[in-house]
Protein chains: 2
Amino acid sequence: MIVKDIGKEQLIRDTAKHLFFSEGKLHATTQDIADAAGVNRTLVHYYFRSRNILFEQVVEEARLDLRNTIDSVLKAPLGFKEKLQKIISVFIDETTKYPFRELFVITETNRNKDLGTSKMNNGFIKSFMIEVKREMDAGNLKNMEPKQFIMNLFALMAYPVLASQLNKAILDIKEPEFKRLMKQRKQLIFEMLYIGN
Amino acid sequence: MIVKDIGKEQLIRDTAKHLFFSEGKLHATTQDIADAAGVNRTLVHYYFRSRNILFEQVVEEARLDLRNTIDSVLKAPLGFKEKLQKIISVFIDETTKYPFRELFVITETNRNKDLGTSKMNNGFIKSFMIEVKREMDAGNLKNMEPKQFIMNLFALMAYPVLASQLNKAILDIKEPEFKRLMKQRKQLIFEMLYIGN
DNA sequence: CTTTTGTCTAACATTTTTGTTAAACGAAAG
DNA sequence: CTTTCGTTTAACAAAAATGTTAGACAAAAG
């Protein structure tokens, strides 16, 4: 992992993120984090006072990153078709980079039902849903409730990476083939959803 | 929760499963489990000797249940169309009953990469993939690699429930509406995948 | 040079979770 | 009735994880 020299505080935060989001070690202890960062465990407490504070910060960053990722593409000034392609592209790139980030947010959002709710929803989704409805009326998308469309979109983008180990096990495939399949998916997902031309 | 009188051992196992799979409390301690089961914590150790043994048993049961669910429908002697409908129906019913079971299996399969692999894959998926290929050639399914089709299928079935809290947050909906949307999905997923008549 | 300041660490303390033991209890067998 | 045997529990022990303190250290300020 690339290490910034800017400071141990950021190093610790980044390492925690790396353990949680890239390696999927959801139960990593302060010791695990310190070891991975190559610092003394006490330093974690020096900067964050408690594991929980570090934890909260990282969860919050994850939730924000996820939300920003979604927002930044939803509000892009593009035609629907191009926007949809961009959403898929950006989201899959992000997901590949941090395969477990969404799993992490899911787990934490489940654990603390109230906390996440208010911080995720925003106006962009609503205006995107209106666009979706318009495209359905125009015959470019299969007709359904826009909310269903969005759930389908996220499902197709997120699930395969999220459950990559399980998918590999069920389909009996190894990493190289899995990588190849993931590459195909940007185009594939678009084709599954967009039936216009 | 309905409690069988058959014995505390099974009660403890069931309670653990309930906490893990239905409530999503992935980090429940022996104390949590004992409290939820209404038994003394020592009893957990009396029957299972260690938390880890109980844990392994429950993971194994989950993996087996998931595999059995998949197998039982895959090998059903039905035409493809009916089989696909049945797969979706059974899987969604199961997922609704144990919303976190797959999340749990995913998390654990991630944690212990080697363990799960061998125990999940089996012949039924392979023969199902052949059926899928045949239906693609017949023009009843959009043409793609069968493995992609299966990932799409699982994604559409599993993700919305798995990430229900996140979906509710993003789409700004409450439980009743979410339930309604879930009910619609059996038909919807089928229609998205099966383009024949 | 010495003082200050922020960073870092070892040693210690506390809390949380897990695991063990010895004994209590009640039902069924003798 | 008393013995046996599986179940259950309280009390104790150990381990794992978190949190605190006092002081070392080095670089910058005086």
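Just so we're clear, the structure is a prediction, and the values are computed from it rather than from any experiment. Chain A is the first sequence line, chain B the second, and so forth, proteins listed ahead of strands; every chain is numbered from 1.
Between B:Y98 and B:F20, the gap from one ring centroid to the other reaches at least 6.0 Å. Between A:F104 and A:F100, the ring center distance fails the sub-6.0 Å criterion.
Computed from coordinates, the B:F55 CZ to C:dT17 P distance equals 15 Å when rounded to whole Å. Distance A:Q31 CD to D:dG19 P: 13 Å, rounded to the nearest Å. Protein atom CD1 of A:I53 is 11 Å distant from nucleotide atom C1' of D:dG19, rounded to whole Å. The distance from atom NE2 of A:H45 to atom P of C:dA13 is 17 Å, rounded to the nearest whole Å. Rounded to whole angstrom, the span from the CZ atom of B:F48 across to the P atom of C:dT17 amounts to 20 Å. As rounded to whole Å, 17 Å separates atom P of C:dT16 from atom NE2 of B:H27. Note: CG (B:L11) to C1' (D:dT8) measures 14 Å, nearest angstrom. As rounded to whole Å, 14 Å separates atom C1' of C:dT15 from atom CG of A:N52.
Considering only the side chain of B:L43, D:dT9 comes nearest among D:dT9, D:dT18, C:dG19. When distances are taken from the side chain of A:R51 to each of C:dT21, D:dG19, C:dT9, the shortest belongs to D:dG19. Which of C:dT18, D:dT8, D:dT18 sits closest to the side chain of B:Y47 comes down to D:dT8. Closest to the B:N40 side chain, of the nucleotides D:dT9, D:dT7, C:dT18, is D:dT9. Checking D:dG19, C:dT18, D:dT18 against the side-chain heavy atoms of A:S50 singles out D:dG19 as nearest.
In this model, the phosphate group of C:dC8 is approached by a side-chain N or O of A:K8 to a distance below 4.0 Å at OP1 or OP2.
Nucleotides of DNA chain C nearest to A:T42 and A:Y46 differ in position, and the one nearer the 5' end is that of A:Y46. Both B:R41 and B:E9 lie close to DNA chain D; mapped to their nearest nucleotides by heavy-atom distance, the more 5′-ward contact belongs to B:E9.
Defined by atom type and a distance below 3.5 Å, a donor-acceptor pair is missing between the side-chain atoms of A:S50 and A:N52. Between the side chains of A:N167 and A:S164, no donor N or O sits under 3.5 Å from an acceptor N or O.
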Original post:
Step by step, would you call A:Y159 with B:E102 a side-chain hydrogen bond (donor to acceptor under 3.5 Å, both in side chains)?
Top reply: CA-CA 11 Å; A:Y159 180 86; B:E102 202 182 338; 2.4 Å; yes
